[in-house]
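Structure first, commentary second.
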Amino acid sequence: MDHRIPEPLKALVEQLARLPGLGPKSAMRVAMTLLKWPEAETRRLGKGIHDLRDNLRLCSRCGALTETDPCNVCSDKERDDSLLCVVAEWDSMLTLEEGAFYKGRYLILGGLLAPLDNLSAESLELDRLTKRLEEGQVREVVLALGATVEAETTGALVRSLVNRRFPGVTVTRLAQGIPLGAEVKFMDRETLRQSLQYRQEIR
């Protein structure tokens, strides 16, 4: 970075550039925007970032971001303990919760297997999953990981773990295929393949 840039600005730009979707130029634009903000606004942003680290933690049960441990979902006594939905990240859990149609429990893996990004099985919350299953309440594990290659690989790993160590637990996955309102001629090859593979009997 240009040596003429003041050190405090350079340090901030370098930190901002580490955020997803921000390169050095975008980080510089963000930093310059912050400099134009009123002092009270920038201090409130700084406090918000500080409080985020101080007040949020991971739920010891499901791995969700929460202010309390266990989180609201894990504390809800109306939930079905026999149903455990496994998702890759917290935002997937939020999406499912927005629909208000799932009433079971969750387990957040903390990512998907991606060897090129150094995300191996050791980086996933498989120990947390194992402990939940060892409690003996879960009867069905629902894989809600997506339809990417990484999701398929991760799903196969979880399915193998459950089948090997907990034979009484059923493993299911979200139905995948052609979305409602779409035409076959506009579908990509992988979507069509999964639609055929997971086709359902019409009764």
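Bear in mind the structure is a predicted one, so any value in this text is a computation, not a measurement.
Evaluation of the side chain to side chain donor-acceptor pair (under 3.5 Å) test over residues 62-71, restricted to residues two or more places apart or in two chains, returns Ser60-Asp69.
Within 6.0 Å of CZ in Arg43 there are 12 or fewer heavy atoms belonging to other residues, nucleotides or ligands. Under a cut-off of 6.0 angstrom, the local environment of CG in Asn163 is crowded, with over 12 non-hydrogen atoms contributed by other residues, nucleotides or ligands. A 6.0 Å sphere centred on CZ of Arg164 holds more than 12 heavy atoms belonging to other residues, nucleotides or ligands.
Between Arg44 and Glu41, at least one side-chain N (NZ, or NE/NH1/NH2) sits under 4.0 Å from a carboxylate O, which counts as a salt bridge.
Summarising the geometry, atom CG belonging to Leu174 is positioned 7.0 Å from atom CG belonging to Leu96; distances are rounded to the nearest 0.5 Å. Here the straight-line distance linking atom CG of Leu145 with atom SG of Cys85 works out to 8.0 Å at 0.5 Å rounding. Lys77 contributes atom NZ, which lies 13.5 Å from atom CZ of Arg79 (distance to the nearest 0.5 angstrom). To the nearest 0.5 Å, the span separating CZ on Arg159 from OG1 on Thr154 amounts to 11.0 Å.
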**Request:** Check the pair Thr172 / Leu143 against side chain to side chain contact (heavy atoms under 4.5 Å, CB included), numbers first and verdict last.
**Result:** CA-CA 6 Å; Thr172 60; Leu143 299 178; over 6 Å; no

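In this structure, Leu45 and Trp37 approach most closely via the heavy-atom pair CD2-CZ3, 4.1 Å. Closest of all the heavy-atom pairs between Ala27 and Leu22 is N-CD2, 4.5 Å. Residues Val73 and Tyr106 come closest through the heavy atom pair CG1-CD1, 3.8 Å. Minimum interatomic distance between Cys59 and Pro70 (heavy atoms only, all atoms of both residues): SG-CA, 3.8 Å.
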